[in-house]
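Here is the structure we will look at, set down as structure tokens.
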Amino acid sequence: MDPTFGSDALVGPYRTKIQGVFMRVDGKRAVTGLGLVGLLALGGCGGGAPGEEGSTLSNMVLFAGPTVPPPMTRQTEDVYCPRVQIPDGGAAIQAYSGGRVGDASGLRSQISLGELARECTGNADGTTSVKVGVEVLALLGAGGGAGRYDAPVNIVVKRGDQVIASRPRRVAIAIPSGETQGRATIVEENIVVSAADATNFSIDVGLGAGARSSRR
């Protein structure tokens, strides 16, 4: 699955010469974000407009904090930074009670991807450093209750079928008593793409294929 939203679907992976809602430039650095909304039975529960300029997750990826610092003089450069892809089946994990798969009344929880962002920085030796930000949402179903919900998140950078870097992570999302949802963010950095692959790689983010969310 390759979700496309707004101008990000039109301008392609070379981000730094386009000023739009999905990018900000600082030297040889490009950062973009996109949102995935309306997921499956319990989707559409994110906060704010996903992927828009100045979103909290994009700010965390680019500026290491939730807010934008004062503007600085910017130099426009081309840095290849492909859109984040979500593999088929990797957008959400649903857990049901008693094997009642597909029965809304038996749905205990759904864990889904929220906002996604990435930053690509060109290095002097021709390599590219990639940073990926992922927001994960947990939503309670009719059969769910408060607690901590864990799910695997896989971040993969590859060229074709060749894996350049694989960063499996596990995220824990707390849903307090009286609440029906929670969220958590992951920022994965120090992914280095060789100079030979710097203009021909892809970024995949997905929840663990075939895995189930667990409540603690």
Side-chain angles (χ1 to χ4, degrees), residues 1-36 50-66 68-69 71-87 90-91 113-136 152-169 171 185-207:
M1 173 165 48
D2 176 13
T4 56
F5 296 88
S7 61
D8 197 46
L10 304 177
V11 298
Y14 287 96
R15 308 296 304 166
T16 58
K17 289 186 178 179
I18 305 295
Q19 295 294 328
V21 297
F22 290 94
M23 67 111 10
R24 205 176 289 105
V25 179
D26 180 9
K28 289 186 64 178
R29 182 164 62 178
V31 63
T32 57
L34 59 86
L36 181 65
E52 71 179 20
E53 181 81 11
S55 69
T56 299
L57 182 63
S58 293
N59 291 340
M60 289 178 64
V61 172
L62 182 59
F63 303 117
V68 180
M72 300 174 62
T73 301
R74 293 173 179 175
Q75 174 185 359
T76 298
E77 300 284 351
D78 277 336
V79 180
Y80 179 76
C81 202
R83 291 174 298 174
V84 178
Q85 307 277 340
I86 302 175
L113 294 177
E115 186 182 5
L116 306 174
R118 84 279 197 195
E119 176 196 73
C120 302
T121 305
N123 301 316
D125 60 359
T127 61
T128 297
S129 296
V130 179
K131 185 189 297 187
V132 180
V134 183
E135 179 186 50
V136 184
V153 179
N154 297 313
I155 301 171
V156 179
V157 175
K158 60 185 181 179
R159 176 175 181 173
D161 294 329
Q162 178 183 357
V163 175
I164 297 171
S166 177
R167 300 288 178 86
R169 298 282 299 271
V171 62
T185 58
I186 295 172
V187 176
E188 187 67 35
E189 43 193 328
N190 299 321
I191 301 173
V192 178
V193 178
S194 71
D197 297 328
T199 59
N200 188 20
F201 66 93
S202 61
I203 305 170
D204 286 356
V205 172
L207 297 172

Self-check item: Donor-acceptor contact below 3.5 Å, side chain Glu135 vs main chain Gly114
Solution: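 No; judged by distance alone, with no hydrogens or angles, the pair does not exist.
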
Rounded distance [0.5 Å steps], [atom1] in [X] versus [atom2] in [Y]:
| X | Y | atom1 | atom2 | answer |
| --- | --- | --- | --- | --- |
| Asp78 | Cys120 | CG | SG | 12.5 Å |
| Glu189 | Ile155 | CD | CD1 | 11.0 Å |
| Ile86 | Leu116 | CD1 | CG | 5.0 Å |
| Ile203 | Lys158 | CD1 | NZ | 12.0 Å |

Self-check item: Residues in side-chain contact (heavy atoms from CB on, under 4.5 Å) contact with Asp125, at least two apart in sequence or another chain
Solution: Asn123, Thr127

With a 4.5 Å limit on heavy-atom distance, are the side chains of [X] and [Y] in contact?
| X | Y | result |
| --- | --- | --- |
| Val193 | Tyr80 | no |
| Val153 | Leu207 | yes |
| Val134 | Leu113 | yes |

Can you name the nearest heavy-atom pair linking [X] to [Y], along with the distance?
| X | Y | value |
| --- | --- | --- |
| Ala198 | Gly126 | CB-O, 3.7 Å |
| Val79 | Gly122 | CG1-N, 4.0 Å |
| Ser202 | Pro82 | CA-CG, 4.1 Å |

Self-check item: Pairs flagged by salt bridge (charged side-chain N to carboxylate O under 4.0 Å, His left out) wherever residues 194-203 is involved - sequence neighbours left out
Solution: Arg159-Asp197

